[in-house]
Amino acid sequence: MAPYPTILVLLFTTISAASAITGYQNHTVGGTAGWFFNSTTNTSATNYSSWASTQTFNLGDYLIFNTNSNQSVILTYNKTAYLNCTVDDSDNDTSIYSGFPDGFNKPLTISVPLTIVGLNYFFSDYSEGLQCQQGLAFQIQVQRGIGLPPSLNQPPPPPYIEPPGPNSAESPSVTLPQTPNSGAFANRVDGCVAIYALGVALVLLQSQR
């Protein structure tokens with residue numbers, strides 16, 4: 001039988017390991033430095049790869065980018081795009097977060113959920129990729145943890161289809177409900193019609209004699 005101190009150590013180790021993945025976390029990218037680039041010195045506000053190496057990332061966590069509209073946030077699972085600091089709008093592996101249309105120097109907070117296990121790449125593509133090349137980029141390894149919460153685990157809604165207008169040439173199709181006995185009823189009607197037709201024919205034959 002194991003001594004009591006050993007049992008207690010194993011118990012606390014198990015509890016600590018279980019509690020480590022019981023919730024989701026928000027990770028503020030860059031800590032107090034935020035997500036910024038100094039266009040005068042062409043340097044990023046901090047070493048984002050070093051910051052990322054101190055964090056543990058799981059599905060359902062969020063990355064919080066405290067930034068402004070002078071930087072963009074690109075999430076990609078495409079390593080080539082990350083290494084080249086380029087964005088392809090048609091790439092389904094890439095999501096673009098940007099505040100540029102609102103003007104320069106506009107305060108901005110961007111929240112990005114982590115929804116795919118494995119390597120996730122982040123960078124800013126502004127200044128024709130210069131910000132990314134000069135350090136405004138990092139990669140993380142996302143673990144499964146306790147999995148996605150229901151709010152992030154829903155299938156995308158179906159595409160919106162505009163209903164036909166009042167002058168539409170095509171009218172919506174109508175499906176008539178069928179009852180279990182509709183087939184029997186139709187057969188009875190067909191039988192009645194046949195008997196009636198036979199009776200009329202006999203009357204006509206009698207009248208011609």
Side-chain angles (χ1 to χ4, degrees), residues 20-21 23-160:
I21 58 170
Y24 303 103
Q25 297 185 30
N26 291 338
H27 306 268
T28 302
V29 176
T32 56
W35 180 250
F36 290 99
F37 186 81
N38 189 321
S39 58
T40 302
T41 60
N42 283 336
T43 56
S44 56
T46 189
N47 187 320
Y48 295 98
S49 295
S50 295
W51 167 82
S53 67
T54 66
Q55 309 287 311
T56 299
F57 303 95
N58 293 305
L59 287 180
D61 289 357
Y62 275 80
L63 297 191
I64 310 300
F65 292 81
N66 291 324
T67 183
N68 62 27
S69 54
N70 295 357
Q71 293 79 215
S72 66
V73 174
I74 309 299
L75 162 61
T76 186
Y77 312 104
N78 185 329
K79 185 175 182 180
T80 300
Y82 171 70
L83 293 177
N84 292 335
C85 295
T86 57
V87 175
D88 182 355
D89 292 343
S90 63
D91 186 354
N92 292 330
D93 288 335
T94 300
S95 299
I96 303 171
Y97 303 84
S98 171
F100 178 73
D102 295 330
F104 291 103
N105 292 315
K106 298 289 185 179
L108 198 61
T109 297
I110 298 173
S111 301
V112 180
L114 302 180
T115 60
I116 293 184
V117 170
L119 286 171
N120 289 222
Y121 305 98
F122 296 86
F123 65 94
S124 172
D125 68 326
Y126 279 5
S127 302
E128 297 182 350
L130 176 65
Q131 294 186 356
C132 169
Q133 296 165 10
Q134 295 300 111
L136 205 59
F138 65 95
Q139 68 179 44
I140 63 175
Q141 182 73 38
V142 177
Q143 302 175 15
R144 182 163 300 278
I146 58 175
L148 288 173
S151 60
L152 295 176
N153 200 26
Q154 300 296 325
Y160 173 75

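Rounding to the nearest 0.5 Å places CD of Glu128 at 12.5 Å from OG1 of Thr86. With rounding to the nearest 0.5 Å, the separation of CD in Gln141 from CG in Asn58 is 11.0 Å. Rounding to the nearest 0.5 Å gives a distance of 5.0 Å between CG of Leu63 and CD1 of Ile140. Going from atom CD of Gln134 over to atom SG of Cys85 covers 9.5 Å, rounded to the nearest 0.5 Å. Atom-to-atom distance recorded for Leu108:CG and Thr67:OG1 is 6.5 Å, nearest 0.5 angstrom.
Formation of a donor-acceptor pair under 3.5 Å by the Trp35 side chain with backbone atoms of Ile64 is not found in this model. In this structure, Asp61 contributes its side chain and Gln25 its backbone to a donor-acceptor pair below 3.5 Å. When atom types are taken as modelled, the side chain of Ser44 and the backbone of Phe37 share no donor-acceptor pair closer than 3.5 angstrom. Between the side chain of Gln139 and the backbone N or O of Lys79, no donor-acceptor pair lies under 3.5 Å. Without hydrogens or angle criteria, Asn42 side chain to Thr40 main chain gives no donor-acceptor distance under 3.5 Å.
Of all heavy-atom pairs spanning Leu148 and Tyr24, the tightest one is C-OH, 3.6 Å. When all heavy atoms of Pro113 and Leu152 are compared, the pair lying nearest together is CB-CD1, 3.9 Å. When all heavy atoms of Phe104 and Ser69 are compared, the closest pair comes out as C-OG, 3.3 Å. The heavy-atom pair separating Gln71 from Leu136 by the smallest distance is CG-CD2, 3.6 Å. Here the closest non-hydrogen pair linking Ala137 and Phe123 is CB-CB, 3.6 Å. In plain terms, the two heavy atoms of Ser72 and Asp125 that are nearest each other are OG-OD1, 2.6 Å.
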Query raised in the report: What do the steps show when you test Asn68 against Phe36 for side chain to side chain contact (heavy atoms under 4.5 Å, CB included), and what is the final call?
Result: CA-CA 8 Å; Asn68 62 27; Phe36 290 99; 3.6 Å; yes
**Report entry** Full working for side chain to side chain contact (heavy atoms under 4.5 Å, CB included) between Ile74 and Tyr82
**Finding:** CA-CA 9 Å; Ile74 309 299; Tyr82 171 70; over 6 Å; no
Requested in this report: Please test Asn66 against Val29 for side chain to side chain contact (heavy atoms under 4.5 Å, CB included), starting from the C-alpha separation and ending with a verdict.
Outcome: CA-CA 7 Å; Asn66 291 324; Val29 176; over 6 Å; no
Report task. Go through the steps to decide whether Asp88 and Asn78 satisfy the test side chain to side chain contact (heavy atoms under 4.5 Å, CB included), and finish with yes or no. Result -> CA-CA 10 Å; Asp88 182 355; Asn78 185 329; over 6 Å; no
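Each of Phe57, Phe138, Tyr48 was checked for a ring-ring contact (aromatic ring centres under 6.0 Å, His included) with His27, and the lone residue meeting it is Phe57. Tested against Thr76, the residues Asp93, Thr94, Asp91 include a single side chain to side chain donor-acceptor pair (under 3.5 Å) partner, Thr94.
In this pair, Phe65 and Phe122 present their aromatic rings tilted. The plane angle is within the 30 to 60° band.
Under the 4.5 Å side-chain criterion, counting only non-hydrogen atoms from C-beta, Asn120 is in contact with Tyr77.
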